[in-house]
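Everything on this sheet refers to the single structure shown next.
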2 protein chains.
Amino acid sequence: MEERPVMSPGPCEGTDREYEVLQWDVREGCEVRQILDRVADKWSLLAIAHLDRQSLRFTELRRRIEGISQRMLTVTLRQLERDGLVRRTVYPVVPPRVEYALTPLGATLHTTIQALVTWTEDHQEEIARARAAFDARQEEVLVS
Amino acid sequence: MEERPVMSPGPCEGTDREYEVLQWDVREGCEVRQILDRVADKWSLLAIAHLDRQSLRFTELRRRIEGISQRMLTVTLRQLERDGLVRRTVYPVVPPRVEYALTPLGATLHTTIQALVTWTEDHQEEIARARAAFDARQEEVLVS
DNA sequence: CGGCATCCTTCACGATACTG
DNA sequence: CAGTATCGTGAAGGATGCCG
């Protein structure tokens with residue numbers, strides 16, 4: 001068992017959520033950061049996005065998330081399962097059949113993640129233009 | 001100039017957004033994936049979250065994002081600037097004063113990102129419980 | 001103060017091989 | 001099919017030093 005979360009040992013309790021979102025940083029470094037990392041992770045994002053309202057078998061999921069290695073899909077799904085975001089169902093048949101689906105909690109996260117994905121899709125051209133403009137400006141500076 | 005995005009040279013044009021979100025994967029591997037990666041990046045997320053409706057100086061931002069190195073803050077801000085999400089303003093005084101703020105585009109992303117942050121805050125206990133339960137189950141299996 | 005360049009380490013991840 | 005275990009590598013990122 002190699003990559004098991006190491007859980008930063010820092011001081012981390014009583015994350016008084018009273019003072020409101022704008023101050024969410026005062027006690028950051030706590031678990032929020034770690035969870036955010038996991039949840040915003042490249043492969044987690046894609047896995048959750050693809051499990052929208054449907055359960056998928058391991059290989060099926062692997063095919064849909066183009067470019068993911070078997071190893072990373074396994075690791076990612078284990079983490080999501082551990083976090084209670086994905087439910088793993090094993091059918092005791094041979095050859096084995098394992099299905100993955102979002103839990104209710106995972107479904108609520110899906111909504112948020114889908115918003116991020118949609119935002120990206122909707123603004124990719126704008127970003128591409130910004131990049132081109134930025135690079136052009138850099139070019140100028142380099143020439144001069 | 002070391003880490004400049006390499007821009008995967010794969011086939012990537014005419015990302016027909018006609019077929020709708022559920023099919024956003026057919027042409028993935030395109031820029032969407034790359035942008036999603038950047039935008040969902042650990043430090044990008046935090047930087048954008050902290051630039052909510054206020055501009056901050058470099059050092060101020062650095063102090064608020066606990067744990068970020070100077071190097072990573074610089075790199076992150078450059079990328080966000082290049083993507084048109086953050087505006088960098090240099091005041092020609094000495095010592096130099098540089099302020100960072102969200103662009104209008106960045107502000108729209110902030111909304112989405114804040115939703116993700118809020119989700120994480122709202123569900124951290126639930127996730128902690130899920131993890132504890134999962135780990136307990138693993139323990140059982142190991143003992144047997 | 002707000003960087004950039006260099007060096008060096010770590011570890012995330014892919015590739016590969018083996019199993020129930 | 002759906003994993004697990006092991007190994008090797010590249011790249012991410014921290015530490016440090018210098019500069020306008």
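Residue numbers begin at 1 in each chain, while the letters A, B, ... track the order of the sequences. What's counted below: heavy atoms across the whole structure, side chains too, no hydrogens, waters or symmetry copies.
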Who passes side chain to side chain donor-acceptor pair (under 3.5 Å) against [X], sequence neighbours left out?
| X | answer |
| --- | --- |
| B:S55 | B:E99 |
| B:T103 | none |
| A:R62 | none |

Any [X] side-chain N or O less than 4.0 Å from OP1/OP2 of [N]:
| X | N | result |
| --- | --- | --- |
| A:R71 | C:dA12 | no |
| B:R88 | C:dG2 | no |
| A:T59 | D:dA2 | yes |

Rounding to an integer number of Å, can you tell me how far [X] [atom1] sits from [N] [atom2]?
| X | N | atom1 | atom2 | result |
| --- | --- | --- | --- | --- |
| A:E81 | D:dA2 | CD | P | 15 Å |
| A:R63 | D:dA2 | CZ | P | 11 Å |
| A:D41 | D:dA12 | CG | P | 15 Å |
| A:L73 | C:dA15 | CG | C1' | 16 Å |
| A:F58 | D:dT4 | CZ | P | 9 Å |
| B:M72 | C:dG3 | CE | P | 15 Å |
| B:Q70 | C:dA5 | CD | P | 13 Å |
| B:L56 | C:dC1 | CG | C1' | 15 Å |

Query raised in the report: Which angle, to the nearest 10 degrees, lies between the helix axes at the two ends of the helix from C:dC1-D:dG20 to C:dG20-D:dC1, each defined by five pairs?
Result: 50°

Query raised in the report: Checking all strands, does A:R62 fall into the base, sugar-phosphate, or nothing category for heavy-atom contacts under 4.0 angstrom?
Result: nothing

**Report entry** Results of side-chain contact (heavy atoms from CB on, under 4.5 Å) for B:V90 - residues two or more places apart only
**Finding:** B:R88, B:V98

Report task. Taking side-chain contact (heavy atoms from CB on, under 4.5 Å) as the test, write out the residues that go with A:T59, two or more places apart. Result -> none

Requested in this report: Only counting residues at least two apart or in another chain, list the ones meeting salt bridge (charged side-chain N to carboxylate O under 4.0 Å, His left out) with B:R63.
Outcome: B:E60

Requested in this report: Strictly below 4.0 Å, heavy-atom distances to any atom of DNA chain C: list the hits from residues 90-102 of chain A, or just say none.
Outcome: A:P96

Query raised in the report: Are any of the side-chain heavy atoms of B:R129 and B:E125 separated by less than 4.5 Å?
Result: yes

**Report entry** Side-chain heavy-atom pair B:Y100, B:L56 within 4.5 angstrom cut-off
**Finding:** no

Please tabulate, one pair per line, all N/O donor-acceptor pairs under 3.5 Å involving side-chain atoms of residues 104-112 of chain A, not counting sequence neighbours.
from	atom 1	to	atom 2	distance (Å)
A:T108	OG1	A:L105	O	2.6
A:T108	OG1	B:W119	NE1	2.9
A:T111	OG1	A:A107	O	3.4

